[in-house]
Structures are given as structure tokens and as C-alpha cells.
Amino acid sequence: MTSGSIAIPVLQAGSQPPTAAEFLSGSMAFSSGNLCEVRDHIAKTYCPHDLQLARRGEELNAWLNHRRLGKIGIGVMSYGANVEIEGIGDEDMLLLMQPLSGSAEIGVAGHAVASDTRCASVVDTGELQRMKWSADCIQRVVQISNAVLDQHAMMLMGRPLSQKLRFAKDMPLSTDVVSCWQYASLLAMELASSGHGDDRSVIENLQTLFILKLLESQPSNYSDQLKPQPCKIAPYHVRRVEQFIIDHADQPLILEQLVEASGVSARTLFDGFRRFRGTSPMAFLKSVRLERAREELLAPRPGETVTTIACRWGFYQFGRFAAQYKAMYGELPSETLRKLN
């Protein structure tokens, strides 16, 4: 068993390895070839289960890189052998599994998801009965408690759920459609590069966006209520959030605060910004912060640098800040500051 970063394993010939960010570089890692150790560690991370090798003579080469965050857990793992998993305990949560290579069969009552790089699976642990992973299977796994899912569904609909939220088990993947997995990739990159206190708000927002995209796009028994609806918001609510952002742009803000300030549901807030402003609340927040940074670059205090101004307005990825600033104002922040020196 090891902790710290682990080497990206070599995949089967002809396959394309995932990017390094997919492996959550820098997060706590586990690796082992001992079946009992692997079973116990995965059980503590996800849920109790019975793990067996599917082929006599094979050896485990299992590893897991995992981070548990405020709203979700996200990890990437492989068993390095053909395995069968049964006796899965119910931890009252949803497991989303996206193969980055190889394949898996995810079994629930009366149904099995044939999962590969073209199809992810979405399964409640209360319904999950068995799994089979191929030896070359590497899966990104996201876990979300049912309580968190219900909370965000209620936020979208503006009312309590009358029955248990149930998703379709198959999630076909398409490069033509924005999916929750794209937010998972962004989250993995943020986790790999995070190191500043205010990165927390970015990570919080990406978790929320992952959950909201899942609720809006994955078929469920609430699809009619959760899919985006024609916007009927009054401009007043949009202006209220705009003013809240302007007044608090120097503070770490997360989406839930904006929803609370709006007095409407998250969907109504998003639809209002799309309809009346052609943007999103968080994109508006970024534009306000860029504008404030430009104002300070145009009238800097003695000794101010691009770095100190960028940090004051929540920009800690300086290359990204420079690119966004140039896209909006046609010049680099250093060029704006240099004009005055």
C-alpha cells in the first residue's frame, strides 16, 4: 500500500492513456496486489462488497486515486485484473462510472449496463448487485449522496420531491454534447493544480455544475421538471443578483449564495441570465472581477504588480488570467500596467 502520487499505468497496446489530470495528481493514492487489502480499502472509499478474481492464476495490480470533496467524491481506479464484484452494500448514494479504457459490466435487477469508453453507468448503490471489470479497465468514479442529489433537484425545481429520484442506468457519451463528465475533467484539473485558499470556490462551483448538469441531462423520473424550461423570470431577479455580485466581487462566492440572493430557483436564475444577459451568473462574476482588475491596473497603487492585483480579485492561475484579460481587452495585463510606467 502506498500514499502520494502514483505512476500512470501502461495501457494495452493501441489504447490512448488518459491525461495526467484524470489521475488527480497530488491526491492520496492507494495501490496493492493483495485482494483483502484492495477489498477493504475500496469498501471504505465506496461501499462494502465481495471482490474475487475472475480468472485463475491472475494477480491483482489494483490502484485508486481518490478525493472526497464537500458534495461529491471523485476518483480514478483500476484492478489490473479481470475481477467480479458481488454482495454490494447500500450506502445511499449514486455511483457514476466512466471507463477511460477497457470495459465493465454493471448489473442491477433485471438489467446490465455494458460500459466502455462510449457509455458510462449511473447506478444507485441500493440497486447495484454485481460488476465485472476487464483487466485493462480504468474507470473514473464519482459518488454523490442521495441527500445531496435531492437537495439540488429541489433547488432546480423550487419544490420538494414527491418520490425517490431514479436515473436511467446507461449514459451514452458523445463528443457533440456537453456532459457532466466535462465538468468532472475540469474539476480533476483544478484539483491537480490547486494550492490557494480561494481555489475552494472554483472547486465548489464545479461540483455544483456537475450535479446540475447530471440532473438536467440524464433521463430520470423527474426529467420533465428538471430539464431547462422557457424562462419566465422578471428582469428584477437578474438585476438583484448582478448587484449582489458587484457588491461582493472581492469575496469568494459560490453558486448557492447567488441562488439564495436571487430569491428564485437555480434553474430560473440560470435561464434568466441566459435570456436577458446571454451569459451565466458565474461568467458575469468573472467579467466583473476582470473589470475591477483592469481598473486597478490602469490606476495602480505604489508598488502594485500584476500578480498582487490578480490575486486580490481571485485570479490565482496567472496564465489563465492573462489569456482571459487579453481576450476581453485586447492586451495583456502587463501591457496595461506598463503603459503607466
Side-chain angles (χ1 to χ4, degrees), residues 46-49 68-74 85-98 104-115 119-131 141-174 177-181 183-184 204-233 237 254-256 258-260 262-272 274:
Y46 296 110
C47 46
H49 62 283
R68 191 178 296 275
L69 306 171
K71 299 174 185 175
I72 70 175
I74 181 170
I85 302 164
E86 296 182 342
I88 300 164
D90 181 10
E91 292 294 306
D92 197 24
M93 66 181 178
L94 196 72
L95 289 178
L96 295 93
M97 293 173 278
Q98 178 201 19
E105 181 182 299
I106 312 300
V108 296
H111 182 68
V113 179
S115 188
C119 183
S121 60
V122 182
V123 187
D124 191 297
T125 55
E127 300 175 338
L128 184 56
Q129 296 182 338
R130 63 192 179 280
M131 294 190 285
V141 183
V142 174
Q143 61 194 122
I144 316 172
S145 75
N146 287 325
V148 168
L149 281 169
D150 290 351
Q151 175 190 355
H152 285 74
M154 288 188 287
M155 185 171 68
L156 275 177
M157 296 188 299
R159 60 177 177 79
L161 278 64
S162 59
Q163 56 183 302
K164 181 178 174 62
L165 178 61
R166 298 184 184 278
F167 290 97
K169 308 298 187 291
D170 307 69
M171 180 188 279
L173 302 174
S174 170
V177 179
V178 176
S179 76
C180 57
W181 294 111
Y183 291 117
E204 284 282 327
N205 288 323
L206 285 171
Q207 291 178 74
T208 299
L209 289 169
F210 179 94
I211 296 169
L212 294 179
K213 190 64 180 178
L214 169 69
L215 289 167
E216 287 191 345
S217 61
Q218 181 65 5
S220 73
N221 55 333
Y222 279 95
S223 285
D224 290 343
Q225 297 99 305
L226 291 170
K227 286 179 180 176
Q229 303 294 322
C231 181
K232 298 180 180 179
I233 189 172
H237 301 291
I254 59 174
L255 183 59
E256 285 82 352
L258 304 186
V259 172
E260 183 178 355
S262 74
V264 296
S265 69
R267 170 188 291 149
T268 306
L269 178 60
F270 270 90
D271 285 346
R274 281 196 294 263

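Below, all heavy atoms of this structure are taken into account, side chains as well, without hydrogens, waters or symmetry copies.
Among all heavy-atom pairs drawn from E105 and A112, the shortest one is CG-CB, 4.2 Å. For A114 against C119, the heavy-atom pair with the smallest separation is O-CB, 4.1 Å. Nearest heavy atoms, S121 versus I106: OG-CG1, 3.6 Å. Shown here for C180 and F210, the closest heavy-atom pair between the two residues is O-CD1, 3.0 Å.
Applying the salt bridge (Lys or Arg N to Asp or Glu O under 4.0 Å) rule to K169 yields the partners E127; only residues at least two apart in sequence or on another chain are considered. Every residue two or more places apart in sequence or in another chain that forms a side chain to side chain contact (heavy atoms under 4.5 Å, CB included) with P48 is listed here: E91. Judged as a salt bridge (Lys or Arg N to Asp or Glu O under 4.0 Å), and not counting sequence neighbours, D170 has no contacts. For the salt bridge (Lys or Arg N to Asp or Glu O under 4.0 Å) test, no residue two or more places apart in sequence or in another chain qualifies with R68. Contacts of Y222 classified as ring-ring contact (aromatic ring centres under 6.0 Å, His included), with partners at least two apart in sequence or in another chain: none.
Considering only heavy atoms from C-beta on, V142 stays 4.5 Å or farther from L214 through its side chain. The side-chain heavy atoms of V264 and F270, taken from C-beta on, include no pair separated by under 4.5 Å. For the pair Y46 and I88, the minimum side-chain heavy-atom distance is 4.5 Å or more. Residues Q143 and T125 have side chains not in contact (no heavy-atom distance under 4.5 Å, counting atoms from C-beta outward).
Between the N221 side chain and the K164 main chain, a donor and an acceptor come within less than 3.5 Å of each other. The backbone N or O of E216 sits nowhere less than 3.5 Å from a side-chain atom of R267 that would complete a donor-acceptor pair.
Note that the CG atom of L255 and the CG atom of L206 stand 11.0 Å from one another [nearest 0.5 Å]. For the atom pair CD (E86) and NE2 (H49), the distance works out to 11.5 Å, reported to the nearest 0.5 Å. Taking CD of E256 as the reference point, atom CD of E204 lies at 7.0 Å (rounded to 0.5 Å). The NZ atom of K213 sits 14.5 Å away from the CD1 atom of I211 when rounded to the nearest 0.5 Å.
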Side-chain donor-acceptor distances from residues 147-155 under 3.5 Å, at least two apart:
from : atom 1 : to   : atom 2 : distance (Å)
H152 : ND1    : V148 : O      : 2.9

> Given the rule in the side chain to side chain contact (heavy atoms under 4.5 Å, CB included) test, do I254 and T208 qualify, once you have shown the distances and angles that lead to the verdict?
Replying inline: CA-CA 9 Å; I254 59 174; T208 299; over 6 Å; no
> Going through the distances and angles, do I74 and Q207 end up as a side chain to side chain contact (heavy atoms under 4.5 Å, CB included)?
Replying inline: CA-CA 10 Å; I74 181 170; Q207 291 178 74; over 6 Å; no
>> Is there a side chain to side chain contact (heavy atoms under 4.5 Å, CB included) between D124 and R166? Walk through the geometry before answering.
In response: CA-CA 8 Å; D124 191 297; R166 298 184 184 278; over 6 Å; no
> Taking it one step at a time, do L165 and L94 satisfy side chain to side chain contact (heavy atoms under 4.5 Å, CB included)?
Replying inline: CA-CA 10 Å; L165 178 61; L94 196 72; over 6 Å; no
